[in-house]
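Below is one structure, written out as structure tokens; the observations come after it.
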Amino acid sequence: MKRPIQLQQQNLEEVGSRMPVPNYNREANKTGIVHIGVGGFHRAHQAYYLHQLRQLGEASDWGICGIGLREADAKLHDIFNKQDHLYTLMVKHPDGKIEPEVIGSIVNFKMGVTDSEPVIACMANADTRIVSLTITEGGYNFNPTTGEFNFDNPDIQHELRYPNEPITVYGFLTAALKRRRDNGLPAFTILSCDNIEHNGDMARKMLLAFAEVQDKGLAEWIAQEVCFPNSMVDRITPVTTKADIETLAQNYGVQDAWPVTCEPFIQWVVEDKFSNGRPAFEKVGVQFVPDVGPYEKMKLRLLNAGHSVLGLLGALHGHPTINACLEDQTFKTYLRAYLDQEATPILGNIEGIDLEDYKYSLLERFANPNIKDSVSRICSESSAKLPKFLIATIHDNLATGGSIKFATLIIAAWCYYSDKGKDRQGHPIEIIDAMSTELHQAAKQTTTDPLAFIRQESLFGNLIKNERFTKLYTEAVHKIYKDTNIKKYMKDMI
Ligand code: CS2
């Protein structure tokens, strides 16, 4: 292979002899979308949909300006500066084939941490018509027990006191919307792309709670003018590894400091409620529906929950990846049992969807041996994910008298995982979670108080009061604490 070429606008022609590159004039792009949270997922999903539209000669008004609101985003900022915001998307097929393609739809990136004014100005610019979000489940700042906005967050208190010094998404959105209103500009749409049921409704409720305290008049204007479509987003996007960067350089001759890898599958179902126009996404396969609720629920309770089932059990057993879990027949059967017996019954009928097909395709996607999605990615931030993905299903099944045994073992596994931070062979597990200290504190009391972990009301609500659950849970933690051979208990149940 020839010497790798640095991925950059000026080298695109040469890169184009090695892999597909944007066929459109990126400089002519207007910034129509400001996106907060430019992780791998955004780059494999929304940015890719827009790239496809641009390839068709459409959507030149809809270039993306990424925004970083965390210190950690500085790395991407530096890389994007060097690479003119270009990156490679490496689609990994189950047969080992990799399809790399250079994506050009992101045309700018700004760090809100260092300087808030350019970010507010960009959002308040007349060209900006959508502000989209992938700020993760934990980024919405709600109290999981009450579902209300968390005003105790010190960053929120700071921005309420100093509206010109925004820190969180809420401070930035209100500052920009206020400026638009004062300048007589129409509002933008706020498009949530996170794995939360009713994600648009949630974004609306949280933003209005914040704005009402900051400026009542503004809150009224937002309530009237800003649309918050709900959306269901889907594409498995593992963490980029050093090996991915090397494969790209060695096999394809392109030097990209942060390519993104993903599976071939992609889906986006959105409610068609936009304040100020939208790209013609339907031309590249986005589904517009009047009510996204059933699709979101299906995806969160089957795919995301399925991931968590494999992730936590896999972490304790010592399987490094999701596909390694699927190669293990016990894991595969257990997952299927959970999906069929606990998650499916609470979903009911979803018009136009065959749930059997959906589950079959999920298992195929999870089994993709080329993806190597790490269980550590899946287990990260479990405290923000599990209440939505899995604990909600336990509550639903308790209400209807449905089965809860498969999910209960996962909660017991999560307790052990949070307590010991190691797998059954004693290998250390790094726990990445905003609540890792609280989780550990609660879990480590299990030997003296078997229900200590469940007493965390912000995660489990009133599960502690349900005898059917606490009985099963107590049995499960006893077993795991006595002998961590998790696979044995899984086998006993299937
Ligand atoms: C995963 C998701 O974070 C997780 O636990 O389940 O990131 C999942 O891969 C995506 O939602 C797929 O669309």
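The residues of the chain are indexed from 1 along the displayed sequence. Note that ligands are numbered from 1 as they come in the structure, with each ligand's atoms numbered from 1 the same way. Computation of the quantities below employed the complete heavy-atom set of this structure, encompassing side-chain atoms and omitting hydrogens, waters and symmetry-equivalent molecules.
Neither the backbone nor the side chain of E381 has a heavy atom within less than 4.0 Å of ligand 1.
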Test side-chain contact (heavy atoms from CB on, under 4.5 Å) on W268 and S231 and set out the steps.
CA-CA 7 Å; W268 197 6; S231 82; 3.5 Å; yes

Run the numbers on Y49 and Q52 for side-chain contact (heavy atoms from CB on, under 4.5 Å), then give the verdict.
CA-CA 5 Å; Y49 275 117; Q52 284 181 296; 3.9 Å; yes

What's the verdict on ring pair (Phe, Tyr, Trp, His ring centres under 6.0 Å) for H317 and F331, showing C-alpha distance, side-chain angles and the deciding distance?
CA-CA 10 Å; H317 179 74; F331 274 70; 5.7 Å; yes

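With respect to atom 9 (O) of ligand 1, the closest heavy atom belonging to the protein is R377 NH2, 2.8 Å. Nearest non-hydrogen protein atom to atom 8 (C) of ligand 1 is N304 ND2, 3.6 Å. The protein heavy-atom contact nearest to atom 13 (O) of ligand 1 is D234 OD1, 2.6 Å. Looking only at protein heavy atoms, the nearest one to atom 1 (C) of ligand 1 is H307 ND1, 3.3 Å.
Atom-to-atom distance recorded for L335:CG and D340:CG is 9.0 Å, nearest 0.5 angstrom.
Per-residue contacts place N195 under 4.0 angstrom from the following atoms of ligand 1 (heavy atoms of the residue considered): 11 (O). Listed by number with element, the atoms of ligand 1 under 4.0 angstrom from any heavy atom of K385 are 3 (O), 4 (C), 5 (O). Within the listing of ligand 1, atoms 10 (C), 11 (O), 12 (C), 13 (O) sit less than 4.0 angstrom from a heavy atom of K299. Residue-ligand proximity, R235 to ligand 1, at heavy-atom distances under 4.0 Å covers atoms 12 (C), 13 (O).
Y170 has its ring centre less than 6.0 Å from the ring centre of F149.
For the pair H45 and ligand 1, no heavy-atom separation below 4.0 Å is found.
The aromatic rings of Y334 and F406 sit perpendicular to each other, their planes meeting at more than 60°, with 30° as the lower class boundary.
Side chain of R129 to backbone of R278: no donor-acceptor contact under 3.5 angstrom is found.
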